[in-house]
Amino acid sequence: MDLLALADFTLVARHGGFGRASRESGRPKATLSRRVADLESGLNLRLFERGARALKLTEEGRALFEKTSVLLAELDETTAAIASGGKEPRGSLRVSAPLLFSQAAMGKLAAQFAMKHREVRLEVTTEDRTVDMVEEGYDLVIRVNPDPDENLVGRIFLRDRIVVVAGAAFHRPAGGAPVPVVERGGGGGGQPAVWEVTQKGKKKQLAVQPVLSLSSLFMVRDAVRANVGAARLPLSLVANDVAAGTLVHWGDVKGPEVALWALYPSRRLLSARVSAFLNFLKEAFPEGTPEELAAYIR
C-alpha cells in the first residue's frame, strides 16, 4: 500500500476536505485528490462521500482513518526520534485545553514549554467540549473531571476545590436575610436558594439570592471584588485575593473535588512530545494543589 497515499488520505480526513487540507499542508489540491482516488481504486472502496459542499467519511473510510492516523503518527514519531538521536522531542504537538485553565495559565505554560523544547511546534486549542482525539488530530487533551473513557489514559496534574468568597467591604445581610450572590450562567435574578457550606469543620446552610449572572468565572470574580455579592469560585482563582485581604473566605462548597486530567489515546504509544509535556506539567505543579496554581498565575 502506498504510504504517501495513506498520508494524504489521513490529511484530507483530518481537515474535512481537499481545499482545507491543501491550505494547511501547502500540498496541491489536485495532488491530494488524485492520490485519494488512487487509494480508493486500489482498495476497491469508497472512502469519502462527496457532496456539493461537504466531504464525509464513509464507514470504511472512518475505520481506515482511525487505524492509519495512529500508525502514521507513531511512524512519524519514530523517525523523528531516530533523526534526533533519541534526545530531544521534535515535531507537532496539538493540545486541547478548557477555557478557564487556558485563560489563567496556558499562555505562560505554552511559552515556557516552547522555550524549553524548541524543536516542538506546540499548538493549543481552547474549548470545553468533548473532542475526538484521533479524528481531530489531538495528541493530548486537558479536561476537568472527565467521564471515564476506555480509549483514553492519563493522569491528574492539578486539584482544586470550590469555595464561597465575598469582598472585604461586602456587608452580609442581617436577620438571616438571603445573601446577594453572583452566579455563572443562568440564575441572575432567580429565586432564593440554599448553599451548603463547610467552615472550620462545621456545616452550614447559606440562604442566597442570585442578583447577577455572568458567563465567565473571571467576570464573576471581578464582580465579587466590586462587593456586589458573594460567589462560588475555584480556590486557585481567589487564593491570592484571600491572602491579600481583598476577598474573604466564607467556607468550602460541598461536592466532589475538581481534578484536572491530562489525557491521551490508550492505544497510541506515548510519544516523546507528549511525555515531555506531561513532565513539564509535573515540574510546573509538583504537588498539584490549588495554591500552586494560584502562585503560578499570580
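Just so it is clear, the values below take in all heavy atoms, side chains as well, and ignore hydrogens, waters and symmetry mates. All figures in this text were calculated on a predicted structure; none of them were measured in a lab.
We find the NE2-CZ distance between H117 and R273 to be 12.5 Å, quoted to the nearest 0.5 Å. Here F101 contributes atom CZ and I142 contributes atom CD1; the two are 5.0 Å apart, rounded to the nearest 0.5 Å. Here the CZ-NZ distance, from R27 to K29, works out to 15.0 Å after rounding to the nearest 0.5 Å. With rounding to the nearest 0.5 angstrom, the NE2 atom of H15 is 13.0 Å from the CG atom of L55. Distance check, rounded to the nearest 0.5 Å: CD of Q103 to OG of S216 gives 5.0 Å. Considering CG of L260 and CD1 of I156, their distance stands at 9.0 Å, rounded to 0.5 Å.
For the pair Q209 (side chain) and P178 (backbone), a donor-acceptor distance under 3.5 Å is absent. With hydrogens and angles ignored, the 3.5 Å screen pairs a side-chain donor or acceptor of N145 with a backbone N or O of E257. In this structure, the side chain of R161 does not engage the main chain of P234 through any donor-acceptor pair within 3.5 Å. Not a single donor-acceptor pair under 3.5 Å links the side chain of R121 to the backbone N or O of G91. Remark: the backbone N or O of R35 is not paired with any side-chain donor or acceptor of D8 at under 3.5 angstrom. Counting only distance, with no hydrogens or angles, the side chain of S41 and the backbone of A37 share no donor-acceptor pair below 3.5 Å.
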Can you list the steps and then say if L6 with L4 is a side chain to side chain contact (heavy atoms under 4.5 Å, CB included)? CA-CA 5 Å; L6 274 177; L4 289 177; over 6 Å; no

Could you please spell out the steps behind the salt bridge (Lys or Arg N to Asp or Glu O under 4.0 Å) verdict for E40 and R50? CA-CA 13 Å; E40 289 179 315; R50 295 164 172 81; 3.0 Å; yes

Evaluate the side chain to side chain contact (heavy atoms under 4.5 Å, CB included) criterion for residues R221 and V238: first the C-alpha distance (whole Å), next the side-chain angles of each, then the deciding distance (0.1 Å), finally the verdict. CA-CA 8 Å; R221 184 189 63 181; V238 297; 4.2 Å; yes

Evaluate the criterion side chain to side chain contact (heavy atoms under 4.5 Å, CB included) for residue pair R225 and L247; output intermediate values, then yes/no. CA-CA 7 Å; R225 285 172 172 173; L247 293 180; 4.3 Å; yes

Check the pair L217, L237 against side chain to side chain contact (heavy atoms under 4.5 Å, CB included), reporting the backbone distance first and the verdict last. CA-CA 9 Å; L217 289 178; L237 201 59; 3.9 Å; yes

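The local environment of NZ in K108 is crowded, with over 12 non-hydrogen atoms from other residues, nucleotides or ligands closer than 6.0 Å.
Minimum heavy-atom separation, A168 to N227: N-OD1, 3.8 Å. Shown here for V197 and G251, the closest heavy-atom pair between the two residues is CG1-CA, 3.5 Å. Nearest heavy-atom pair across V124 and A97 is CG1-CB, 4.4 Å. Nearest heavy-atom pair, E60 versus R46, reported as atom, atom and distance to 0.1 Å: OE1-O, 4.2 Å. Between G229 and F170 the shortest heavy-atom distance is CA-CE1, 3.6 Å. Minimum interatomic distance between Y264 and G154 (heavy atoms only, all atoms of both residues): CE2-CA, 4.1 Å.
When side chains are defined from C-beta on, L64 counts as touching F9, because their heavy atoms get closer than 4.5 Å. Using a 4.5 Å heavy-atom threshold, the side chains of I162 and V258 count as touching. No side-chain heavy atom of T126 sits less than 4.5 Å from a side-chain heavy atom of P98. V95 places a side-chain heavy atom less than 4.5 Å from the side chain of L122. Proximity of R172 to L206: side-chain heavy atoms (C-beta onward) are separated by under 4.5 Å at one or more points. At a threshold of 4.5 Å between non-hydrogen side-chain atoms, the residues L214 and L212 count as touching. P180 places a side-chain heavy atom less than 4.5 Å from the side chain of P173. Between V153 and L263 the shortest side-chain heavy-atom distance does not fall below 4.5 Å.
At a cut-off of 3.5 Å, with distance as the only test, no side-chain donor of T198 or D252 sits close to an acceptor on the other residue. A donor atom on one side chain and an acceptor atom on the other are found under 3.5 Å apart for S96 and R143.
For F48 and F65, the ring centers are positioned 6.0 Å apart or more.
Contact check on E49 versus K56 returns no salt bridge, with no Lys/Arg side-chain nitrogen under 4.0 Å from an Asp/Glu carboxylate oxygen.
Judged by the 6.0 Å and 45° rule, R232 forms no cation-pi pair with W250.
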For residues 276-296, dump all side-chain donor-acceptor pairs below 3.5 Å to protein atoms at least two apart in sequence or in another chain.
| residue | atom | partner | partner atom | Å |
| --- | --- | --- | --- | --- |
| N279 | ND2 | S275 | O | 3.2 |
| K282 | NZ | P286 | O | 2.9 |
| E283 | OE1 | K116 | NZ | 2.7 |
| E283 | OE2 | K116 | NZ | 3.2 |
| T289 | OG1 | E292 | N | 3.2 |
| E292 | OE1 | E287 | N | 3.1 |
| E292 | OE1 | G288 | N | 2.7 |
| E292 | OE2 | E287 | N | 3.0 |
| Y296 | OH | L109 | N | 3.4 |
| Y296 | OH | Q112 | OE1 | 2.7 |

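In this structure, L99 is not a member of the same hydrophobic cluster as V141, with clusters built from ILVMFWY side-chain heavy atoms closer than 4.5 Å.
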